[in-house]
Amino acid sequence: MVRVEDLTVAYGGIEAVRGVSLEVGEGELVTLIGNNGAGKTSTLMAISGVAPIRSGRIVIGGEETTKLPPHAIVARGVAHCPEGRLVFGRLTVQENLRLGAYQRKDSAGVRQDLDRVYALFPRLLERRAQLAGTLSGGEQQMLAIGRALMSRPRLLMLDEPSLGLAPLIVQRIFSVIRQLHEEGVTILLVEQNAHLALTIADRAYVLETGEVRLAGPAKQLIDNPEVRRAYLSQ
Amino acid sequence: MFTPTYVAQQIINGVNLGSMYALIAIGLTMVYGLLRLINFAHGDLLMLGAYLGLLLVSAAFTPLILTLFIPMLAIGFVGILVERLAYRPLRGAPEVTMLITSLAVSSIIENSMVMTVTAQPRAFNLPAGVNQLHTVAGVSFSTLDALTVGLSVALMAALTLYVRNTRTGIAMRAAAENLRAARLMGIDINRVVMVAFFLGSMLAAAAGWLWAAKYSTVEPFMGFLPGLKAFVAAVIGGIGVIPGAVLGGYLLGFAEIFFVGFLPPAYSGYRDAFVFALLLLILLIRPNGILGASTEERA
């Protein structure tokens with residue numbers, strides 16, 4: 001579904017990502033784990049076309065997208081739920097969700113997906129006319145995920161969906177991620193809660209200072225002594 | 001002195017001036033919201049609109065309504081052109097660079113006008129009927145005053161409906177709030193920016209026509225002061241937020257008229273000093289403007 005080849009992302013002189021290669025297959029749930037500053041977010045931003053790519057290639061669904069603008073990448077079926085949620089606080093919940101479907105022309109399908117998101121997150125239905133800025137952190141995260149789903153993506157990228165949320169809400173959000181995975185949505189998940197991520201993912205990449213340090217099936221990595229020591233604090 | 005009639009008269013004058021500031025401020029705030037660009041050339045588009053209006057008004061056969069609508073449409077496209085040629089190549093550049101570029105654009109437009117039509121002010125005379133005075137309960141206003149307020153309110157209502165309900169309008173509000181998140185939604189920012197320049201320049205041209213009609217004159221530098229004051233209005237209301245620009249515009253209009261109307265005549269020469277002192281006070285209390293986002297929201 002998406003293939004990243006030897007990607008380098010640099011902000012000015014600082015390389016945030018150095019020669020990263022990774023792949024997410026159709027229907028897979030792949031996670032990127034690593035500490036702050038490891039280059040996880042920059043990798044996602046590069047796939048979405050909003051990070052400065054110095055070298056390397058990104059191929060989505062067999063087509064090279066390295067130099068395409070973000071709206072063209074969305075048109076190719078990528079939805080990106082960014083770190084820090086970035087919901088539009090001055091817009092209502094429903095307007096936020098409709099923006100997720102900005103490029104879609106099938107209004108019947110959009111309405112259907114709106115109902116689906118509301119079924120997934122009933123809280124959003126209750127608050128659909130409210131300004132998104134008035135929602136709690138957990139609700140904003142639900143909105144951000146719902147908004148990403150509104151494009152009916154072929155690839156869903158989630159950046160730190162558990163960040164700063166109460167355990168109960170994290171559970172709720174991860175059960176939704178698992179459900180989406182079971183429905184066959186291809187997911188690339190960035191998560192600093194490595195344990196949680198490795199539990200639900202098929203495969204994982206461990207990033208360290210901009211480079212891929214380890215890669216493999218999530219079940220193997222969860223038992224890897226190095227991973228346990230560095231990321232699972234055991 | 002402070003009879004109800006007198007107060008009513010001042011209110012009418014304030015609404016009148018405020019309407020024009022609001023029209024101008026909307027374009028400034030839309031562009032700032034999207035690009036963080038303080039567009040000093042905005043007032044010059046107002047001036048170009050006024051000149052084009054003058055050209056059409058002088059051609060006696062043009063229906064009055066077209067002398068307004070043709071410049072609006074034409075200046076809308078000029079706005080798109082300015083963005084395309086001067087501002088788009090700088091996308092992502094520091095704010096200071098964009099600011100200086102807009103000063104340059106302003107200077108180029110003004111001086112091109114001086115070179116082609118000279119700096120000589122020209123009379124902008126509308127058919128006599130437009131300046132006819134009406135007196136209702138002791139309060140007097142001209143047909144032009146009524147037109148100014150009516151037209152401004154209608155244009156602002158239309159813009160509000162557009163920004164609230166259309167797909168592009170909602171995208172514009174989203175992009176003003178968070179450009180990066182808007183791009184991740186698949187919004188083509190260049191398109192949204194183009195629409196913002198078109199609409200904003202259109203409103204500036206309308207304001208230019210009304211301004212020229214009110215003061216019966218046009219000259220190449222006429223856009224500078226209204227542009228600057230409208231920028232202040234946009235800041236007071238909360239820059240980047242359209243209702244803020246409208247509110248700020250009316251507030252500034254009222255403040256100017258009221259300071260002149262109610263202060264002893266000896267002070268009225270210091271009108272702008274009083275007005276700006278008041279505005280500073282507002283900014284001390286609400287640093288992001290009356291309807292502006294708090295800094296946390298901006299992040």
Side-chain angles (χ1 to χ4, degrees), chain A residues 11-12 41 44-52 68-92 94-105 107 110 131-134 140 143-144 146-153 156-159, chain B residues 29-30 32-34 88-89 91-94 160-195 237-247 288-299:
Chain A
Y11 301 91
T41 294
L44 296 198
M45 290 294 186
I47 295 173
S48 277
V50 292
L68 292 183
H71 61 92
I73 291 169
V74 172
R76 280 157 182 77
V78 177
H80 186 157
C81 177
E83 183 181 14
R85 310 185 268 269
L86 307 188
V87 298
F88 301 108
R90 287 175 167 270
L91 271 54
T92 66
Q94 183 133 324
E95 283 173 338
N96 268 276
L97 290 174
R98 288 207 170 270
L99 271 177
Y102 179 74
Q103 292 193 352
R104 288 175 62 179
K105 301 275 187 275
S107 49
V110 170
L131 293 186
T134 64
Q140 289 192 8
L143 178 57
R147 186 178 65 175
L149 289 174
M150 286 302 294
S151 66
R152 212 177 264 187
L156 173 64
M157 300 197 292
L158 300 167
D159 196 347
Chain B
T29 220
M30 284 201 294
Y32 183 87
L34 292 170
R88 192 173 301 179
R91 200 63 58 77
T160 305
L161 284 177
Y162 179 81
V163 170
R164 269 177 174 271
N165 300 316
T166 66
R167 189 166 155 271
T168 308
I170 296 173
M172 198 181 283
R173 283 189 288 143
E177 192 175 321
N178 191 318
L179 200 64
R180 171 175 275 195
R183 299 177 83 192
L184 293 179
M185 297 302 109
I187 294 167
D188 179 355
I189 296 303
N190 284 337
R191 214 183 83 86
V192 171
V193 168
M194 194 177 89
V195 172
I239 193 143
V241 188
I242 294 173
V246 174
L247 182 69
N288 294 301
I290 299 168
L291 301 179
S294 66
T295 3
E296 299 88 72
E297 264 179 86
R298 261 282 153 76

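Every value quoted in this text rests on a predicted model; they were computed, and no experiment measured them. Per chain, numbering begins at 1; letters A, B, ... match sequence-line order.
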Give, for atom [atom1] of [X] and atom [atom2] of [Y], the distance between the pair rounded to the nearest 0.5 Å.
{"X": "I170(B)", "Y": "Q94(A)", "atom1": "CD1", "atom2": "CD", "value": "9.5 Å"}
{"X": "M150(A)", "Y": "M185(B)", "atom1": "CE", "atom2": "CE", "value": "11.5 Å"}
{"X": "N178(B)", "Y": "L91(A)", "atom1": "CG", "atom2": "CG", "value": "11.5 Å"}

Only counting residues at least two apart or in another chain, list the ones meeting salt bridge (charged side-chain N to carboxylate O under 4.0 Å, His left out) with R152(A).
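Expected list: D113(A).
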
Below 4.5 Å, heavy-atom pairs only: which of V50(A), V78(A), I73(A) has the largest tally toward chain B?
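Option with the greatest count: V50(A).
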
Considering non-hydrogen atoms only, spot the tightest contact between A174(B) and F88(A) and give its length.
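For A174(B) versus F88(A), the nearest heavy atoms are O-CE2, 3.4 Å.
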
Residues of residues 95-104 of chain A under 4.5 Å from chain B (heavy atom pairs)?
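E95(A), L99(A), G100(A), Y102(A), Q103(A), listed by number.
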
Using heavy-atom distances under 4.5 Å, tell me whether L179(B) contacts chain A through its side chain, its backbone, both, or neither.
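L179(B) has no heavy atom closer than 4.5 Å to chain A.
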
Heavy-atom cut-off 4.5 Å, strictly under: side chain, backbone, both or neither for M45(A) against chain B?
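Interface part for M45(A): side chain.
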
For R85(A), is it the side chain, the backbone, both, or neither that has a heavy atom closer than 4.5 Å to a heavy atom of chain B?
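When you check distances to chain B, no heavy atom of R85(A) falls under 4.5 Å.
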
A quick test of your reading: do over 12 heavy atoms of other residues, nucleotides or ligands sit less than 6.0 Å from CZ of R164(B)?
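No, not enclosed.
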
Taking atom CZ of R167(B) as the centre, report whether more than 12 heavy atoms of other residues, nucleotides or ligands fall under 6.0 Å from it.
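It does: R167(B) CZ has more than 12 such atoms within range.
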
